[in-house]
Amino acid sequence: MSETFFSINDLVRRKLQTGIVVIGLALCVASTLFLLLLGDKVGFHILSTTGNILTPSFSDVFFNFIVFVGFLTFLISAVIIAFMVHIMMAQRIRDIGLMKAAGCPNDLVFGYFMNELVIVAFAGCLLGVFFGLVMDYVSTNLLINANSQPQSGAVDFWLALLTFLIYFVLSLIIGAKPVLDTAKIEPSKALSPAYIYGLAKESDFKGSARAGFVAKIAIRSLFRRKSATSRVILCLTVVFLLVTVTVAGGIIADQTTGNWVERAVGRDLVLVGHRDMCDRYQLLLSRFYQPGTIPDFNYTDTRYLIPDDLLNQINLMPNVTIDQRLVLEGRIHEVWGYTLDPKLGTTQIGDSREGESLVVGFEPQKTFSKWIVDGEPLGNEESDEAMIGDSLAQKMFSVPLLQNLSYSGQTLKVVGVCLDPINNGNITYIPLRTLQSIAGINKPNILLVRIDPSADRLQVLNAIKSKIKASSPDFELSELNQELDKAVGFLANIWSMIMLLPSSVSAAASLSLIGYVVLSVDEQRQEFGILRAIGTKPNTIVKIVSTQNFLVLLSSYAVGLCLGIIVTLLILIPEPLVTDYTIMEIAGWLVAVFVLIFVVALFPVLRFAKKPILEMMRRP
Amino acid sequence: MTGATSAQKTDVSQMDMSTPAIIAFDLCKLYRTEEGYVEVLKNVGFDVEKGGFTVICGASGAGKTTLLNIVGGIDRPTSGRIIVFGEDLGTRDEDFLATFRCNKIGFVFQSYNLVSTLTVAENVAFPMEWMRKPLKEVQERTRELLKLVGLDHRSGHFPHQLSGGEQQRVAFARALANDPPLLLVDEPTGNLDAKTSLRVIEIMRSFKNSAKTIVVATHDERILELADQKLVLEDGQLVDMNE
């Protein structure tokens with residue numbers, strides 16, 4: 001019999017085991033490929049072309065996530081592949097023993113099973129590339145539909161080829177050792193059940209003597225299969241770490257980043273200004289999620305300034321508060337800063353860069369925006385201070401908080417770097433009075449209006465509209481929530497794409513556990529047969545294996561969950577927003593993943609428990 | 001063979017001593033192999049009286065173990081009926097059969113078949129635990145049974161720490177745990193040396209005087225001597241002892 005024919009025949013004969021290994025490997029490859037393609041589109045791409053969409057601070061969160069999740073996915077894949085190959089070989093040790101007992105030389109045995117590994121690795125990697133491309137296609141289309149914007153449809157097939165090759169080679173390297181080890185073992189060992197299932201000797205563990213019958217057998221069997229049990233626990237721990245990071249981290253990051261946007265823009269605000277100015281303001285907001293250039297606009301046109309009578313009338317309205325803003329555009333110059341180094345003395349910081357920026361004057365004490373600020377927010381109505389957006393800070397400043405900026409010949413101290421989606425973070429905030437005196441304009445050109453939630457919103461809006469109509473027909477009122485929701489929705493879509501990962505990794509984890517259950521059932525099949533023959537109901541067998549699965553899952557889940565929460569909150573997300581609802585949502589998802597894996601892993605034992613007793617009792 | 005084959009269903013609780021413990025009617029068992037079907041049992045019919053000691057003998061491959069498995073409800077006949085204490089086992093579901101085996105049948109397998117993760121005492125006790133017997137009763141009965149088979153000093157050991165003969169004796173103790181009215185024993189001395197076999201035969205002899213119905217599949221002449229009834233299987237068919 002040729003090596004290839006033997007291998008194909010053997011793989012086909014073990015349909016379930018072969019299927020588990022191939023699909024498990026495919027899911028690992030698919031997860032990695034999907035992550036790389038997603039990273040290419042969302043994370044790395046954004047970082048390399050700052051100013052396109054998302055501000056650096058936002059894309060930093062995605063980047064950190066994608067890099068960490070990518071690292072974990074690769075680690076999991078390596079562990080899962082190693083585990084799958086271990087299971088695959090564990091199920092063949094007896095056959096190898098028989099072949100060797102019959103006189104088959106080592107190299108031929110190695111050839112037979114290495115061939116199987118090559119076939120399985122090739123099929124798994126190929127299927128994985130296909131799954132990965134499908135996942136990428138689906139997620140890209142979801143994003144396009146959600147934002148109604150064109151996205152690059154081109155798939156980087158080199159990345160797919162690279163992933164395929166890496167995993168194929170990795171599988172062969174990881175898999176070769178157990179195959180070689182197994183091929184070398186003595187026939188007597190290979191035929192011994194103790195060796196087949198990785199047991200040095202029968203366990204004398206009696207720690208569960210007081211436990212019930214089901215728990216007793218379950219716990220002792222787990223201890224008996226120390227090698228496979230510890231491997232599956234390690235594998236599932238890393239899986240649950242990833243699931244926790246992606247689920248908990250994804251939800252927290254989604255809410256946190258969404259909250260950053262909401263705090264900067266303001267929720268339930270109404271924009272009052274000239275029709276063109278309102279459109280422009282909304283266009284500036286949309287730059288957070290829509291790439292491309294925007295047409296020139298003359299912010300200093302006097303037509304756009306809010307008439308005094310309108311400002312006064314709105315200001316005097318009950319249940320209404322306003323945030324006046326003067327929105328301009330101008331050239332910002334980086335000004336050298338200095339720092340004191342204990343060894344080098346005074347060191348100069350900065351590079352004299354310059355560039356265009358949106359310049360917004362506002363009243364620091366009255367603003368509705370509550371930015372996330374690195375440094376200090378503006379505190380004084382007329383100070384010579386400025387707060388810049390994170391994109392501008394990254395593009396034009398070396399150490400912004402130690403530097404100044406110059407605008408229209410006026411030098412302003414940079415006191416803070418804020419996260420703001422307007423103009424995608426390419427923005428400079430200056431106290432309103434300071435900006436008015438620099439620009440020589442004494443009126444605002446935008447009003448942000450907040451209506452007291454206790455008031456009848458519709459009635460107040462109509463009152464404002466009528467005042468606008470009476471005062472300046474070219475002015476209008478528009479709600480900001482729509483634009484805000486689009487920005488928040490854009491972030492949510494990216495996070496939801498990242499959330500696809502736990503599903504594929506959970507599926508891979510389920511397959512690992514199924515592989516373990518198959519091995520465990522295979523090992524215990526004769527004992528289960530005995531129990532059934534003596535009077536145990538099929539349910540009891542299911543209970544024993546369920547208890548084992550539960551213990552394995554719980555131990556790996558506890559460790560993975562703790563590590564995942566620590567990594568998420570301490571490393572990946574700065575200033576996380578965690579509410580009671582967030583905790584419940586995360587808990588719900590994590591419990592759902594646990595239950596799903598637990599239920600899916602029951603499949604082999606449910607199948608086994610239905611077998612006739614004599615078939616159970618037959619030695620493998 | 002004793003008695004006519006009577007396949008009518010009888011309520012266990014209402015049965016009197018004249019009703020046979022086992023009624024086998026026209027049993028056939030086919031196994032499918034790659035080469036086709038193999039007929040292991042061919043129209044086997046017999047009755048076993050309550051309290052009787054029946055021995056099934058025959059050459060290897062004659063169908064003894066298959067017949068014992070069918071009587072014990074572990075296997076199902078391809079056709080025919082097997083009625084044990086009034087229950088038509090071929091028609092009952094797995095859950096019923098499990099409870100029935102636990103309550104009514106003690107099975108001693110040729111290869112002992114102890115649960116390797118349980119100690120000697122636990123192996124004996126677990127059929128009683130399934131019947132939800134009080135813990136104290138379970139402990140007392142376990143002690144009593146282990147004493148009966150001479151293994152009370154090994155109660156905390158695991159099966160792999162026992163010899164073949166000791167494992168066989170534990171298997172007997174486990175079979176008797178729920179005090180079943182029917183004891184099925186498959187080749188009790190097949191894997192044992194002469195000395196250990198004698199001890200097992202002594203145990204069998206002690207059963208003979210109990211009220212239990214005993215069916216033993218064996219080649220062993222010493223056990224054949226204990227038999228009230230002998231069933232000889234040849235190539236899947238019962239042959240008349242007189243022939």
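Any value given below was found using the heavy atoms of this structure, including those in side chains, with hydrogens, waters and symmetry copies removed. In this text, all values refer to a predicted model and were calculated from it rather than measured experimentally. Chain identifiers are assigned alphabetically (A, B, ...) following the order of the sequence lines, protein sequences preceding nucleic acid strands; residue numbering begins at 1 within each chain.
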Contacting region of N69(B) [heavy-atom separation from chain A under 4.5 Å] = side chain
Closest approach of K29(B) to T66(B) (non-hydrogen atoms, all atoms of both residues) | CG-CG2, 3.8 Å
Is any side-chain N of the basic residue among R169(B) and E166(B) closer than 4.0 Å to the acidic one's carboxylate O?
-> no
Heavy-atom proximity to chain A below 4.5 Å, by part of R76(B) = neither
With chain B, the option among G529(A), P612(A), A533(A) that has the most non-hydrogen atom pairs under 4.5 Å is A533(A)
Parallel, tilted or perpendicular: which fits the ring planes of Y557(A) and F594(A), with parallel below 30° and perpendicular above 60°?
-> perpendicular
Look at atom CD of E234(B) and say whether more than 12 heavy atoms of other residues, nucleotides or ligands are closer to it than 6.0 Å.
-> no
Structural part of L114(B) lying under 4.5 Å from a heavy atom of chain A | backbone
Chain A interface, residue from P159(B), C102(B), G106(B), A175(B) that has the most non-hydrogen pairs under 4.5 Å = C102(B)
Sub-4.5 Å side-chain heavy-atom contact between I74(B) and F109(B) | yes
